[in-house]
2 protein chains.
Amino acid sequence: MRALRTCRKGETENWGDSRRHYPRLAVKNPIPSATVSRLPVYLRCLSDLPTTQMTCSSDQLGTIAGVNSAQVRKDLSYIDAHGVRGVGYDIDELRRELRRALGLMKSHAVAIIGAGNLGTALSNYPGFAGWGFEVKAMFDVDPSRVGEEVDGLLVEPLSDLERIVSERSISIGIVATPSHAAQDVADRLVRAGVRSILNFAPAILRRMSGVEVRRVDLSTELQILAYYLQQD
Amino acid sequence: MRALRTCRKGETENWGDSRRHYPRLAVKNPIPSATVSRLPVYLRCLSDLPTTQMTCSSDQLGTIAGVNSAQVRKDLSYIDAHGVRGVGYDIDELRRELRRALGLMKSHAVAIIGAGNLGTALSNYPGFAGWGFEVKAMFDVDPSRVGEEVDGLLVEPLSDLERIVSERSISIGIVATPSHAAQDVADRLVRAGVRSILNFAPAILRRMSGVEVRRVDLSTELQILAYYLQQD
DNA sequence: TAGATTGTTAATCGATTAACAATC
DNA sequence: TAGATTGTTAATCGATTAACAATC
């Protein structure tokens, strides 16, 4: 791994013509995590552009996204987006390459665990559709909630989680349970094969190898804002 | 600024005894932003500890928080938390210093804009209370929603935003509107004096100087997870 | 004392950005 | 061609971490 990093993108080391055995798509150049976090932002920013516009410069995209134009160019250099000198990036192509790089060419089945206020709000989040994320299941422990329909989606018992996750090939779990239930739910998701978890519960989940967990925590965010408030 | 950074924490440069003119609290050592983002995590982790435990080592805290123990010690060195060699950190003192550093010794008035599903979910988020964030107002444009009570909180007309924000000394605005309304709402909040905004709308807000904006976007998070899903 | 753990240094790693040749 | 903008380098900046003396 370290050794591979020492050679440029697309290159292989001095191993004869081994390059030929690794077609472009098979060599997964790992994209720096800071860049990965910005790619969705660029994708979103492209939607803000007037539909009449065919190309976009790194300067314009950077202004909208709030990042330096050199940053934009460097970020885009990690994916197969190629601009034209003096012109900029073709918007349709850029959008396509961003989607490809982020793995958005296929759709992803999502389960929401917790049918409370938050789970309900998440289930009809407008940003879901259009990016290929399909909410395929919603769970709750509360028997009085099970059987209800939320936004056209049946609330199913938590006890069926493993079976349903596997039957519906769910690859992303969104944890919207109370804090005390979060770790248990996460463990069960992982045991059922889920490798990506978005945790909205105000709890820190144990690190699980091979599992990508992202945390969204309102009170953490507010506390960070509180710090900057006192900084004048 | 650059020049000041070149001297150690708490030191001033070779300007005679000028240090005496800057008592500890007045010299705001800016805490690195990566550290600021982790302080709330430590604070949360301390609550996970058994109440019988009086001290906590950087190793234990790091394990729970998912960060290296050297990281923990370095982070805590930026605030007035002092551990005892061979023992660890006094939990009560650490909690107090974390709260002090984050500006949580006073309470903060919060307004939620948008009384939809998300706004409602946010208003009764359990993590709010206990950290001194008080939801003092909730707004919506929809006349049919105005006048309703959400969780004991009156939904007020968006047109009263400026007046109410100023009357109730609101310092943090939470934007939970549809995407197309977000920038306008943010502009109005800023004009009314708000300097901290938490944006849940899937929109990128213009940079505003002196205003700290944090963005929480479900679809961005899902797209990042989608990237790591394809990385095997 | 012996064991544990801090506080800090210095090395390393990763991210950002200014600058500019290449070139449309 | 002249102007615009990319792609990339190299410098810089900021964050992480191993290591260890200090010391409870």
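Throughout, a chain's letter reflects where its sequence line sits, starting with A, and its residues are numbered from 1. Since we're looking at a predicted model, the values are computed, not measured.
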(request) Let me have a per-nucleotide readout for nucleotides 16-22 of chain C, 5' to 3', with B, S or -, counting only protein heavy atoms under 4.0 Å. (result) SBBB--B
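An OP1 or OP2 oxygen of C/dA15 is reached within less than 4.0 angstrom by a side-chain nitrogen or oxygen of A/Ser33. Regarding contacts with the backbone of C/dG7, every side-chain N or O of B/Ser58 stays at 4.0 angstrom or more from both OP1 and OP2. Contact between the side-chain N/O atoms of B/Tyr89 and the OP1/OP2 oxygens of C/dG7 is found at a separation under 4.0 Å.
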(message) Using the rule given for side chain to side chain contact (heavy atoms under 4.5 Å, CB included), can you reason through B/Tyr42 versus B/Asp75, listing the C-alpha separation, both sets of side-chain angles and the distance that settles it, and then say yes or no?
(response) CA-CA 10 Å; B/Tyr42 299 143; B/Asp75 284 342; 2.6 Å; yes
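Straight-line distance from the CD atom of B/Gln53 to the P atom of C/dT5: 11 Å, rounded to whole Å. In this structure, B/Leu61 atom CG and C/dG7 atom C1' are separated by 16 Å, rounded to whole Å. When rounded to the nearest whole Å, the span between CD of B/Gln60 and P of C/dT5 equals 9 Å. A/Asp59 has its CG atom 15 Å from the C1' atom of D/dG7, to the nearest Å. The CG-P distance, from B/Leu76 to D/dA15, rounds to 16 Å in whole Å. In this structure, the CD atom of A/Glu97 is 16 Å from the P atom of D/dT6, given to the nearest Å.
Using a cutoff of 4.0 Å between basic side-chain nitrogens and carboxylate oxygens, B/Glu97 and B/Arg100 are scored as salt-bridged.
Surrounding CE of A/Met54 are at most 12 heavy atoms belonging to other residues, nucleotides or ligands under 6.0 Å away.
Comparing A/Ser69 and B/Pro32 along DNA chain D, the residue whose closest nucleotide (by nearest heavy atom) sits nearer the 5' end is A/Ser69.
To the nearest 0.5 Å, the span separating CD1 on B/Ile172 from OG on B/Ser196 amounts to 5.5 Å.
Across all strands shown, C/dA22 forms a Watson-Crick or G-U wobble pair with D/dT5, both key distances being under 3.5 Å. With a 3.5 Å ceiling on both atom-pair distances, the Watson-Crick or G-U wobble partner of C/dA15 is D/dT12.
For A/Gln231 and B/Glu212, the side-chain atoms include no donor-acceptor pair closer than 3.5 Å. Side chains of B/Thr55 and B/Asp90: no donor on one and acceptor on the other come within 3.5 Å.
Here A/Tyr89 pairs with nothing under the ring pair (Phe, Tyr, Trp, His ring centres under 6.0 Å) rule; sequence neighbours left out.
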